[in-house]
Amino acid sequence: MTRNNPPLTIGRLAKAAEVNIETIRHYQRKGLIVEPEKPLGGFRHYPDTSVDRIRFVKRAQQLGFSLEEIKQLLTLGDQHCGDVQTLAQEKRDKIQQQIAGLLTIQIALDDLISTCHTDDTTHCGFIDGLSQKGFLEK
């Protein structure tokens with residue numbers, strides 16, 4: 001390595017990828033990045049591509065992918081775009097289901113909130129509503 005580009009140790013990798021060292025170690029344990037061999041009496045040197053790999057993992061997590069799903073994506077790589085597309089569509093469909101579930105909860109909360117009385121002289125409609133048999137059951 002040159003003076004302008006010092007070896008990428010775990011600390012430098014963490015700083016460049018904007019994660020902490022424990023995140024890198026966790027990704028190594030999960031098989032998302034390779035842990036380089038440690039030279040006798042020295043520090044491990046990571047390839048520059050490790051920064052992009054960590055950024056990929058973090059961005060995929062932001063899109064809702066689990067580490068196991070990200071590992072699948074990385075294993076498939078660029079040459080299996082159809083398979084990657086299928087996994088992405090499955091993730092999108094799952095998120096769509098979660099959104100629908102959250103909207104159901106939001107509507108139920110709105111209904112319960114509308115039953116609240118501010119005069120505190122009657123039973124709380126919210127509490128009573130949650131106590132009702134069949135509430136939010138399918």
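Remember, predicted model here, so these are calculated numbers, not experimental data.
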Peer 1: When you look at CD of Gln89, are more than 12 heavy atoms from neighbouring residues, nucleotides or ligands closer to it than 6.0 Å?
Peer 2: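 Yes - once you tally the heavy atoms of other residues, nucleotides and ligands closer than 6.0 Å, there are more than 12.
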Peer 1: How far apart are the closest heavy atoms of Tyr46 and Pro36, and which atoms are they?
Peer 2: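 Reported closest heavy-atom pair: CE2-CD, 3.2 Å.
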Peer 1: Can you get from Leu87 to Ile95 by hopping between Ile, Leu, Val, Met, Phe, Trp and Tyr side chains that sit under 4.5 Å apart?
Peer 2: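 Hydrophobic grouping puts Leu87 apart from Ile95.
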Peer 1: Honestly curious: do Ile21 and Tyr27 fall in one hydrophobic cluster under the side-chain, below-4.5 Å linking rule?
Peer 2: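 Yes.
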Peer 1: How far apart are the closest heavy atoms of Ile54 and Ala17, and which atoms are they?
Peer 2: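 Ile54 and Ala17 have their closest heavy atoms at CG2-CB, 3.6 Å.
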Peer 1: Distance check, rounded to the nearest 0.5 Å: Arg92 atom CZ versus Ile99 atom CD1?
Peer 2: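 That separation rounds to 11.0 Å.
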Peer 1: How long is the gap from CG on Leu103 to CD on Gln98, to the nearest 0.5 Å?
Peer 2: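 Nearest 0.5 Å value for the CG-CD distance: 12.0 Å.
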Peer 1: Output the distance between atom CD (Glu18) and atom CZ (Arg55), rounded to the nearest 0.5 Å.
Peer 2: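 So the CD of Glu18 and the CZ of Arg55 are separated by 6.5 Å.
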Peer 1: At their closest point, which heavy atom of Gly31 faces which heavy atom of Lys71, and how far apart are they?
Peer 2: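 Gly31 and Lys71 have their closest heavy atoms at O-CE, 4.2 Å.
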Peer 1: Is it the case that more than 12 heavy atoms not belonging to Phe43 sit under 6.0 Å from its CZ atom?
Peer 2: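 No - once you tally the heavy atoms of other residues, nucleotides and ligands closer than 6.0 Å, there are 12 at most.
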Peer 1: Could you pull out the closest heavy-atom pair between Glu69 and Ser66, with the gap in Å?
Peer 2: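 Looking at all heavy atoms of both residues, the shortest contact is OE1-N, 2.7 Å.
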Peer 1: Determine whether more than 12 heavy atoms belonging to other residues, nucleotides or ligands lie under 6.0 Å from atom CZ of Arg59.
Peer 2: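 Incorrect, the count does not exceed 12.
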Peer 1: Where do Leu32 and Arg53 come nearest, in terms of heavy atoms and distance?
Peer 2: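 In terms of heavy atoms, the two residues are closest at O-NE, 2.8 Å.
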Peer 1: Which value, rounded to the nearest 0.5 Å, describes the distance between Thr9 atom OG1 and His45 atom NE2?
Peer 2: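 The OG1 atom of Thr9 sits 7.0 Å away from the NE2 atom of His45.
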Peer 1: Minimum heavy-atom separation for Leu13 and Ser50, please, with both atom names.
Peer 2: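 Nearest pair, atom of Leu13 first, then Ser50: CD1-CB, 3.7 Å.
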Peer 1: Strictly by modelled atom types, are Asn20 and Thr23 linked by a side-chain donor-acceptor pair under 3.5 Å?
Peer 2: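 Judged by distance alone, the side chains do pair up.
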Peer 1: Kindly compute the distance separating CG (Leu73) from CZ (Phe65), expressed to the nearest 0.5 Å.
Peer 2: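 One gets 5.5 Å once the value is rounded to the nearest 0.5 Å.
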Peer 1: State yes or no: do Val51 and Val34 share one hydrophobic cluster built from I, L, V, M, F, W and Y residues joined by side-chain heavy-atom distances below 4.5 Å, directly or via other members?
Peer 2: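 Different clusters.
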Peer 1: Establish whether Leu63 and Ile70 are linked, either directly or via other cluster members, by ILVMFWY side-chain heavy-atom contacts under 4.5 Å.
Peer 2: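 As far as the 4.5 Å side-chain criterion goes, Ile70 and Leu63 are connected within one cluster.
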Peer 1: Kindly compute the distance separating CZ (Arg25) from CD (Gln28), expressed to the nearest 0.5 Å.
Peer 2: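 It comes to 8.0 Å.
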Peer 1: Is Gln61 atom CD crowded by more than 12 heavy atoms from other residues, nucleotides or ligands, each under 6.0 Å away?
Peer 2: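 Result for CD/Gln61: enclosed.
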